[in-house]
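Here the structure comes first, spelled out in structure tokens, and everything after it is commentary.
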Amino acid sequence: MDTTTKQRLVFAVNGQRFEVYSIDPSTTLLEFLRSQTPFKSVKLSCGEGGCGACIVLLSKYDHVHNKVEDFTVSSCLTFLCSINGCSIITAEGIGNSKDGFHPIQQRFSGFHASQCGFCTPGMCVSLYAPLVNADKMNNRAEPSPGFSKLTVSEAEKSIAGNLCRCTGYRPIVDACKSFATDVDMEDLGFNSYWRKGESNEVKLSRLPPYNCNYVPRVFPEFLKKETAVGLNLGSERYHWYSPVSLKELQGLLQMEANGGTSMKIIVGNTGMGYYKELVHYDKYIDLRYIPELSIVRKDSTRIEIGAAVMISKAIEALKEENQGGFSKEAKLVFKKIGDHMDKIVSKFIRNSGSVGWNLMMAQRKHFPSDIATILLSVDTILEIMTGERLLKLTLEEFLGRPPLDSKTVLLSIKIPCWESSRVVSSDACNKLLFETYRAAPRPLGNALPFLNVAFFAQVSLCKNPTGFMLKNYRFAFGAYGTKRSIRVKEVEEFLYGKLLSFGVLYDAIKLLETLVIPEDGTSSPAYRSSLDVGFLFEFLSPLIDSPIDFSDGLVNRYNRTLLSKNSNQQHDLGQIEFPTLLSSSRQVIQLNKEYHPVGEPTIKTGAIPKPLVCEAVYIDDIPSPKDCLYEAFIYSLEPRARVKGIKFNPGSSPKGVIALITSKDIPGLNLGSKTVFGTELLYADDLTEGVGQRIAFVVADTQKNANIAADLAVVDYDKENIEPPILSVEEAIKLGSQYYFYMETQTAIAVPDEDNCMEVYSSIQCPEFAHDTIARCLGVPAHNVRVKTRRLGGGFGGKAVKSIAVASACAVAAYKLNCPVRIYMDRKTDMIMSGGKHPMKITYNVGFKSTGKITALKLDILIDSGMFVDVSPILSDHMLGSLKKYDWGALSFDIKLCKTNLPSRAAMRAPGDVQASYIAEVVIEHIASTFSMDVDSIRNINLHTHNSLNLFFASVAGEPLEYTLPSIWDKLASTSSFYHRTKMVKEFNRCHKWKKRGISRVPIVHEVKMRSTPGKVSILRDGSIVVEVGGIEMGQGLWTKVKQMTAYGLGLVKCGGTQDLLEKVRVIEADTLSVIQGGMTAGSTTSESSCEAVRLCCKVLVERLVPLKQRLMEQIRSLEWETLILEAYRNSVNLSASSLYVPNFSTMHYLNYAAAVEVNLITGETIILQTDIIYDYGESLNPAVDLGQIEGAYVQGIGFFMLEEYNTNSDGLVIINNTWTYKIPTVDTIPKQFNVEIFNSGNHKNRVLSSKASGEPPLTLAVSVHCTTRAAIREARRQLVSWSGPNEASSTLVQLEVPATMPVVKELCGLDSVQKFLQWTTAKN
């Protein structure tokens, strides 16, 4: 091929033509979209294909079949050069304010499915793609008007790979399901379209209309005329090649071998999300245009998949219903392989990642591949090309070879057609068994497995003696902590020809334990070993003493429905048939129209929230000023050491580096943050105080180059004569940390201005504090600094003090270099430096009576605050507030903050409160265990009376009628059928060996403190209204509530049009030189206090306008708002008012009450079947917003208690630092049924229009999931004791760690439970 040929790269974005003639081939689609186009809805959040924030719809035109293929891809992993001839649709292309909104965006708005909004554009695109594809399916029936051809299951799964930290997913799922042809309208939750009890006809008439035959965007005609071949683009330094034949590919590979240049072979580039690359390649070779590698072939003996075929295409081929020439058995085998592939990574990764590349990563880099394991069990054959030679290898041979070099290319994967007649005779008693399994933190979405296995065998039914004999086994195990997937041939040979019995199965399992052994350093090795035993048991045990269904040829899950309790063995190993994702929900909301429009479920920020179409501007969306530079932090990898110098890796030559900023470059004080509790350095001086401490700032010409340079930096440390570091508090009951996982990482822009001034845009919860710190760093007066913040893509406390240093570092660099400087921290650096939630060590002594009534509790708590104090001192007050939810009789406590050489801990949503809620429940459960009493009865006995509440909370307790917890407690028992379900749980546990359930009811009493907050309201000449507040909008609906309060407050003028003032109100960004004393947006009360500040402003304005209104009304009969304001301008009435709301003692504190109940299904994996929450909101300022806060906080709490491990190495460096390892809740891990009631507790004159807080208290209710899991584990342990014999020690006390991950839960249930069951069964028989 002519390698000197230059072509142009042609593609379309939202119908707009783009042509590129020269570009660095390593440029991703995301980089191009965000830097070279106005389309900013694609967000950078993780940069590794793990969150869905950057998803776009990619459309390709098939010239041969004259059709368009539409699918989602992750733009952060997609090379720009790979989209030649393609059309890209972003959220703006789906719908926007100029061209009109798509029903997806309208329904997301109406179902209140967006909070901070950062993830929402990606969510919309994720739904748009399956909607488009379903409606193109001619084999599906036409849906009813208003619906699509999409099914409920498809709609739910469309967002399975997308992350959201705010909403709790429930409203997002409802918005998606509203398009499904088979949706039950009763299952759709609270929305702005209808109210409970209205008919389906009325509901449908109010939904934004959707026409499944209308295509808003068509594939551009100019792209259809482009050549179908790939791109060949060259420059002096870089080349991108798209060979169209194996011969051309061989020529390119030979050039690389002779020329000594670096080369990267790519298909979808998804591997870059897992294996981060810091190097630039000279040549990129795209394999997708070689026909042999890009097609699927089928014949009567096999399915052959080209190595460049996308995983999603392979799944379609394997699951295709009309597979002519294949037996039923073969079809079922292929379908099961496809079903398993459907559970790996996310749909938008499967759409671009190829089967072949997945196998190559497994071979070269020991990637824990599911595909390698499942294909290993079915005798898959691979064809590879090395040089000019073509080789055929079994998959086992392929995996067993040393890592293949870069010139070896995988060509195809051949999966044989299996059927029983191929193995043995056509005797009807000979059938096939084939099953695959995986254990992962998430059932769907982006989660690597702890273990994946595939079992293939032939079953022979023996008539005399009766039983099953297995032949031709293939048992494959992978992802368990070894370099590759393997077959355990010793177990296969042991079982061959044997009549299955529990004794034989036990011997096979004991042999398996000696063969599948995780390597040293593997996480949770004992758990992984228990999984391989459990899966083999699950595969084979139903063949022993269980009915088998042979009707389909293949033994399909062996008819593994739950057997009746009269069955001898009661095998309940199969999947219990629950819907995959959210099945239903119920929201009970009481509306209050007294303060219209306050109290109404107003849609956030207007009819269509800007975040849905990316018309909302986040800090990183602000266009870079001229000559802007970019920064990245260099941080300490040592907990305590002297810094001697910084250099770059020998042999590395980072591009575009401009400067290295250290503490020596700071013109003023070396100050990273300052609070009332203390200060933190911006950069380490000579001595580092802890791992993750900032050492320097790399300044470069692009963010990518700055990040690469920071990664290549080598810090020269000296640890001689340095005291050893302190890396943890003592062990006891220990609570770990949690990372914020805001979707938008830390970001800031600093722009030098005239008169030695600095303007800083920061994603921060406390601009005022950043303002003060920046001025001190620069050594300038505070009036020379201006900090602006419009909105945050999530905060949760992580963008309070932590963001100050980020903004200050940008300002220092911009000051020194005299040019704009910006930073957008990569996810890994953010996770390492953020600190997260405070780890703790707790010891306690408790006194109680035989009735379970507690008389005294003594607590000793050590809190790991990290290297600097931050705001750690607030935790003691927060913990006491939550601890006092029970009447302890006497409460004694000793809480100490401990300085360690670890990142400073910061306040994370419900700081101290969530840990205290856990501590209280541990004590309660311990007492119940001691007396073998029901835990719920212990909770009942120790709930406060109003007298004891007064004793613990003094004047904050309020009047007896304000103490709503007893009534909530009783109401929850009734509405959730708590006592009936408790009986059902007991019966379930009695009848089932391998699945256990638990149920719990947990209260909270949450003490809230109000803060002073400023506000400013200005009425413009045309009657529109501008509002400024100190509070920052970060998803909690602060701006929406402020708009409502403004409309209510000014509406008291009572003239024509004041009932419609809401649409005239605009809240603008926080500006520290416009509204001062903004304080910190935290503690769940800033929305309330901002509303009160605005109400005070409105009161002043109304007092100014009413006399004028009265004079005008004497002259005219009716007066419109616009006329009144115009006259006010003519009469020089001051139409701008400022205020500072300062709460007095009677309004500063109040209590929140709520309770929750959980049901869990547990098999090591924990499934939350149902959650019921009743939450006392007083009088909600906006029930839709507050409902979202309850659900979102609760799901974030599930993450803390059940999922999110934030582990460090021996030096304290965070090693769980990406989306592959850190797992927040996803749509497939939330409660299956999610019921929430907002309890209206009446008028409370000392609060802002009788409202209460919502951001943090519901999070503490998630301890109920943990308590329920503990109850289920207790049942499993009782059963384990019954199998182990009378000598086995028994204790009902379960010390369950936080988070209660799958390995933790399984260990407490018994890692050897299968072995003990088999021993018990064999001995009994």
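Residue numbers start at 1 and run along the sequence shown.
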Worksheet item: What orientation do Tyr193 and Phe111 show, parallel under 30°, tilted 30 to 60°, or perpendicular over 60°?
Response: perpendicular
Practice prompt. Please determine if Asp1186 and Lys1041 form a salt bridge, counting it only when a charged side-chain N lies under 4.0 Å from a carboxylate O.
Written response: yes
Item to complete: Over all heavy atoms of both residues, which pair between Tyr618 and Lys43 is shortest? Give the atoms and the distance, please.
Response: CD1-NZ, 3.6 Å
Fill in: Sub-4.5 Å side-chain heavy-atom contact between Cys116 and Met1034
no
Worksheet entry | Minimal non-hydrogen separation, Lys1064 against Gly1023, with atom names | CD-O, 3.8 Å
Discussion item. Testing the 3.5 Å rule here: is there a donor-acceptor pair between the side chains of Ser178 and Arg107?
Written reply: yes
Practice prompt. Let me know which of Val1029, Val1065, Leu1062 forms a side chain to side chain contact (heavy atoms under 4.5 Å, CB included) with Thr1046.
Written response: Val1065
Discussion item. Could you check whether any side-chain heavy atom of Val173 comes within less than 4.5 Å of a side-chain heavy atom of Phe1234, counting everything from C-beta outward?
Written reply: no
Fill in: Steps toward side chain to side chain contact (heavy atoms under 4.5 Å, CB included) verdict (Ser114, Phe108)
CA-CA 7 Å; Ser114 178; Phe108 263 64; 5.7 Å; no
Discussion item. If you compare all heavy atoms of Gly168 against all heavy atoms of Val1195, which two are closest, and at what distance to 0.1 Å?
Written reply: CA-CG2, 3.6 Å
Discussion item. Please verify the inter-ring angle class for Phe179 with Tyr210; under 30° counts as parallel, over 60° as perpendicular, anything in between as tilted.
Written reply: perpendicular
Worksheet item: Would Lys1252 and Asp1176 count as a side chain to side chain contact (heavy atoms under 4.5 Å, CB included) if you check the C-alpha gap in whole Å, the side-chain angles of each, and the deciding distance to 0.1 Å?
Response: CA-CA 8 Å; Lys1252 286 189 175 185; Asp1176 176 4; 2.9 Å; yes
Item to complete: Begin from the C-alpha positions of Arg1066 and Ile1068 and carry the test side chain to side chain contact (heavy atoms under 4.5 Å, CB included) through to its verdict.
Response: CA-CA 6 Å; Arg1066 182 187 176 205; Ile1068 63 174; 3.9 Å; yes
Discussion item. For Ser1084 and Glu1256: C-alpha separation, side-chain torsions, deciding distance, then whether side-chain hydrogen bond (donor to acceptor under 3.5 Å, both in side chains) applies.
Written reply: CA-CA 6 Å; Ser1084 303; Glu1256 294 175 306; 3.0 Å; yes
Discussion item. Can you confirm whether Arg170 sits close enough to Ser585 that some side-chain heavy atom of one is under 4.5 Å from a side-chain heavy atom of the other?
Written reply: yes
Fill in: Contact check, side chains of Lys203 and Asn200, non-hydrogen atoms, under 4.5 Å
yes
Worksheet item: Between Leu1261 and Val1002, what is the shortest heavy-atom contact and its length?
Response: CD2-O, 3.7 Å
Worksheet item: Do we see a donor-acceptor contact under 3.5 Å between the side chains of Ser41 and Glu92?
Response: yes
Discussion item. Under the side-chain hydrogen bond (donor to acceptor under 3.5 Å, both in side chains) test against Asn14, which residue among Asn96, Asp99, Thr90 passes?
Written reply: Thr90
Practice prompt. Please report the C-alpha distance between Glu600 and His596 in whole Å, then the side-chain angles of each, then the deciding distance to 0.1 Å, and finally whether the side-chain hydrogen bond (donor to acceptor under 3.5 Å, both in side chains) criterion is met.
Written response: CA-CA 7 Å; Glu600 296 187 3; His596 173 83; 2.7 Å; yes
Discussion item. Determine whether a donor-acceptor pair (N or O, by modelled atom type, separation under 3.5 Å) exists between the side chain of Gln106 and the backbone of Pro208.
Written reply: no
Fill in: Main-chain N/O of Leu1038 paired to Glu1033 side chain as donor or acceptor, under 3.5 Å
yes
Fill in: Over 12 non-hydrogen atoms of neighbours within 6.0 angstrom of CG in Asn139
yes
Item to complete: Examine the side chains of Ser1000 and Ser1264 and answer whether a donor and an acceptor come within less than 3.5 Å of each other.
Response: no
Discussion item. Less than 3.5 Å apart, any donor N or O on the side chain of Asn1235 or Ser976 sitting next to an acceptor on the other?
Written reply: no
Fill in: Test log, rule side chain to side chain contact (heavy atoms under 4.5 Å, CB included), inputs Phe71 and Leu57
CA-CA 6 Å; Phe71 51 91; Leu57 181 77; 5.6 Å; no
Item to complete: To the nearest 0.5 Å, tell me how far Gln1170 CD sits from Ile999 CD1.
Response: 8.0 Å
Worksheet item: In this structure, which one of Val1265, Ile1198, Leu1169, Asp1172 forms a side chain to side chain contact (heavy atoms under 4.5 Å, CB included) with Pro1231?
Response: Ile1198
Worksheet item: Measuring from Ser45:OG to Leu163:CG, what's the distance to the nearest 0.5 Å?
Response: 7.5 Å
Worksheet entry | pair Phe348-Val125: side-chain heavy atoms closer than 4.5 Å | no
Fill in: Atom of Thr72, atom of Ala129 and distance for their closest heavy-atom approach
CG2-CB, 3.4 Å
Worksheet item: Taking atom types as modelled and ignoring hydrogens, do the side chains of Glu1179 and Gln590 form a donor-acceptor contact shorter than 3.5 angstrom?
Response: no
Worksheet, complete the sentence: Closest heavy-atom pair, Asn1182 versus Gln1044, reported as atoms and distance to 0.1 Å, is ND2-OE1, 2.8 Å
Worksheet item: Step by step, would you call Arg1095 with Tyr595 a side-chain hydrogen bond (donor to acceptor under 3.5 Å, both in side chains)?
Response: CA-CA 12 Å; Arg1095 192 174 72 88; Tyr595 307 110; over 6 Å; no
